[in-house]
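Report on the following structure.
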Amino acid sequence: MSGGILLRGGRVVDPSQKLDGVRDVLLADGQVAAVGGEGRTLDGDADTRIVDCTGLVVTPGLIDVHVHLREPGEEHKETIASGARAAAAGGFTSVCAMPNTDPPVDDPAAVGFVAAEGMRAGAARVYPVGCISEGRKGERLALIGEMVEAGAVALTDDGSPVMDSNLMRMALEYSLAFGVPVADHPEDLTLAAGGHMNEGLVSTRLGLPGKPGAAEEAHIVRDLLLAELTGGHIHLQHVSTEFGVEMIRQAKARGVRVSAEATPHHLVLTDEAVEGYRTEAKMNPPLRSAKDMAAVRAGLADGTLDVIATDHAPHHYDEKEAAFTDAPNGIVGLETALGVVLTQVVGENVIDLPTMVERMSCRPAQAWGLLGGTLAQGSVADVTVFDPEEEWTVDPSTFRSRSRNTPFGGWKLKGRTRYTIVGGRVVFAG
Amino acid sequence: MNQTASALGKDLVGLEPLSRQQIQTVLDTAEPFKEISERRIKKVPVLRGKTIVNLFFEASTRTRVSFEFAEKRLSADTVNIAAAGSSVVKGETLVDTARNLEAMRIDMVVMRHGASGAARFLADRIPSNVINAGDGWHEHPTQGLLDMLTIRDRLGRIEGLKVCVVGDIRHSRVARSNIYGLLKLGAEVAVCGPPTLMPPGIGDLGVQVLNRVEDAIQWADVLNVLRLQLERMHAGYVPSLREYNRIWGVSTARLERAPKDLLILHPGPMNRGVEIDSDVADGPHSVILNQVTNGVAVRMAVLYLLAGGQPEKAEAAKQGGEA
């Protein structure tokens, strides 16, 4: 076997074991071989590589359950390989690739392709997600069982909601046989029709057609009702409104099987960021009001929103260099998420560092049944090491992603990935 | 040509970014230009040697012709590009269109576009002066300016007047430019129309929201009546044109119950018998054609100012002096 890695003297933050202190971590044979006691050093064998982690934070590898890698079909925006490298650079050891590619990932062969390309990239793990409906058309169930057998870890028609409520009910019921979550992009398309940003004073001033928060909330409520009805696991993607957060909070109190996401951008930006018709602030769901942002923060803090997920959505610069209503939705997030969350979410005391690790590693692994999310002895050696003090300025031209569409260009952030380790192998060193 | 900075900045994208003083300057500068259109030979050399492109991605007759007359009467060289028949329909992007025009070394672009923010988009990317001739639902600044000039002509002031914009506020760039401009000049502004055609948060712009046209007529000194586009009915914002006319139409019967005479504006083109009845449109308090006449003068003033012309030298410039 290849030599192990000894991460020496870092602040080990692993909420899965309630660890937060200076310890050594020894990785060997692709697993976590040992986590030392506080103040006691570990030693590896002769060919163990010792990495000095003094002043650094060592956590179970970060996991992003919501990324768009665009392959197959839109390789000019991103490929599975470039996305996996961007993920590694951002400190993510695992990402879940949304199936809204062209063609969509709606059969076992396509699932196998994504898994194989992810493996070949040799960076972050890439988990395939399969469509709920055949062709993402929202008409009939896709080959869910066979896709799960081929490696799909969840189901979603993301990019679009499932408008047909009965189809959503059937997806939640059918998925019970396979133990995978059904993820929904909650949006009532009839209510959101024609909208390009949050409906409110800013949209009125700019003369841009808006989408009301109610369009998202209506489907959140529907999905919660269906999850309760069926006993299925609903995963609500990129929750952005106050009422949506509150409904999920109440459903959790009732015991509904629901998990939910907050994105970094909905945690730190409001629709004011659209001022000047900035297409890099255009995404779906749109940036909302300050009140909504505060509610998303509160939901993240109290665990109503289980995970931070980027909704990494690469677009070619030509496509974003357009009038606002002509530009596509979405921003890249993999290479800025950790810095943005550390600086503006942890930094503003919305959550503490262990809670951040919980939301970006432990909970995603638990909620979606993925490897990692813990440094427990014997678990997979997926580890993120970051410097919580490093100050840096976001320069999109240096992204590993093929796309540059970020609203965070020029932002000064504090906290940056130093090592990303997947299966005991260093896939990124910064 | 004078190289000092223009009184308006590089572009006229909207009235929201302008100061009260800048708006006042345009209106004052329009005054001396009015007379040119009354001459037998309607041409002065103010913009001689300037090249201007009128780039219209949406159909327009009144605004395009008005700009073209303003440009020609100031001796600019002009080219008209309409979306149909241009490279735009062949899939060229707005940014490529802009760069190609720029490569031909033009001085100004007058653009109408269906997307809100399109004028700003263009202005940020080319060094030429950009004049917004209407962008989506956002702004139509020269329409707002000519509306204000027309009100000022007739009532002698803007400050303290009560102006109500009636109709489809949600989709109206004219409404927004009126609101921004009139508020800056000290008018009280209200909007009136079906609640389905009111954009959310409009009250936060500092305007009153009135649901019934009777209330608007009781309150206002001036009504600016907007065109109700047929597609709004098809999209379900209002059940029928007949009902719209019965409930929100500006009619003589309604105006007779007003405590005072109201000045009536309409940006055109009118749907007679829908938002405005013919006897109102053609009546003694209608200034709809004055608006059209003033449109040319206001656009001359904007062109002159953006070209670096000094407001106080407008009269001299007309006589053949350089701007």
Side-chain angles (χ1 to χ4, degrees), chain A residues 76 189-217 241-243 270-282 286-292 315-329 405 409, chain B residues 13-17 57-58 88 91-99 111 113-125 132 134-141 168-177 179-180 183 191 197-207 209 231 235-237:
Chain A
H76 62 294
L189 295 177
T190 62
L191 206 45
H196 288 272
M197 68 172 294
N198 183 49
E199 182 177 290
L201 179 59
V202 180
S203 68
T204 289
R205 282 190 39 249
L206 295 176
L208 287 171
K211 319 180 177 202
E216 180 176 338
E217 291 151 354
T241 76
E242 183 184 29
F243 187 76
T270 67
D271 57 1
E272 300 277 344
V274 176
E275 283 291 343
Y277 302 91
R278 293 183 60 208
T279 58
E280 63 270 35
K282 180 176 180 180
L287 297 171
R288 304 281 189 190
S289 68
K291 206 157 156 263
D292 290 314
H315 288 294
H316 195 256
Y317 75 89
D318 278 347
E319 298 164 302
K320 282 286 197 178
E321 180 80 354
F324 196 84
T325 46
D326 294 333
N329 286 309
N405 49 311
Chain B
V13 166
L15 299 187
E16 191 184 19
F57 291 88
E58 277 188 344
V88 176
E92 186 169 85
T93 64
L94 181 53
V95 69
D96 282 336
T97 303
R99 286 178 184 148
M111 183 171 76
H113 196 284
S116 298
R120 164 81 180 264
F121 180 91
L122 190 69
D124 287 347
R125 281 161 184 78
N132 183 5
D135 64 325
W137 309 346
H138 175 227
E139 283 223 47
H140 189 356
D168 178 1
I169 310 299
R170 178 188 285 266
H171 303 100
S172 176
R173 50 193 172 219
V174 176
R176 284 174 180 77
S177 287
I179 290 167
Y180 297 135
L183 287 175
V191 291
L197 293 173
M198 283 295 156
I202 186 79
D204 293 339
L205 295 181
V207 302
V209 180
E231 62 253 37
Y237 288 99

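Chain naming here is simple, since letters A, B, ... match the order of the sequence lines and numbering starts at 1 in each.
- To the nearest 0.5 Å, atom CG of residue B:Asp96 and atom CD of residue A:Glu321 are 9.5 Å apart.
- Closest approach of A:Gly207 and B:Arg176 over heavy atoms only: CA-NE, 3.7 Å.
- Neither the backbone nor the side chain of B:Glu139 comes within contact range of chain A, judged by heavy atoms closer than 4.5 Å.
- Within the 4.5 angstrom heavy-atom criterion, no atom of B:Arg173 approaches chain A.
- Between B:Asp124 atom CG and A:Tyr277 atom OH the span is 11.5 Å, to the nearest 0.5 Å.
- Between A:Arg205 and B:Glu16, the closest heavy-atom pair is NE-OE2, 2.7 Å.
- Between atom CG of residue A:Leu206 and atom CZ of residue B:Arg120 there is a gap of 9.5 Å, rounded to the nearest 0.5 Å.
- The CG atom of B:Asp204 sits 9.0 Å away from the OG1 atom of A:Thr204 when rounded to the nearest 0.5 Å.
- Only the side chain of A:Thr325 comes within contact range of chain B, with heavy atoms under 4.5 Å apart.
- Residue with the most contacts toward chain B among A:Ser203, A:Pro209, A:Ala323: A:Pro209 (heavy-atom pairs, distance under 4.5 Å).
- Among the candidates B:Ser172, B:Gly201, B:Gly117, the residue making the largest number of heavy-atom pairs closer than 4.5 Å to chain A is B:Gly117.
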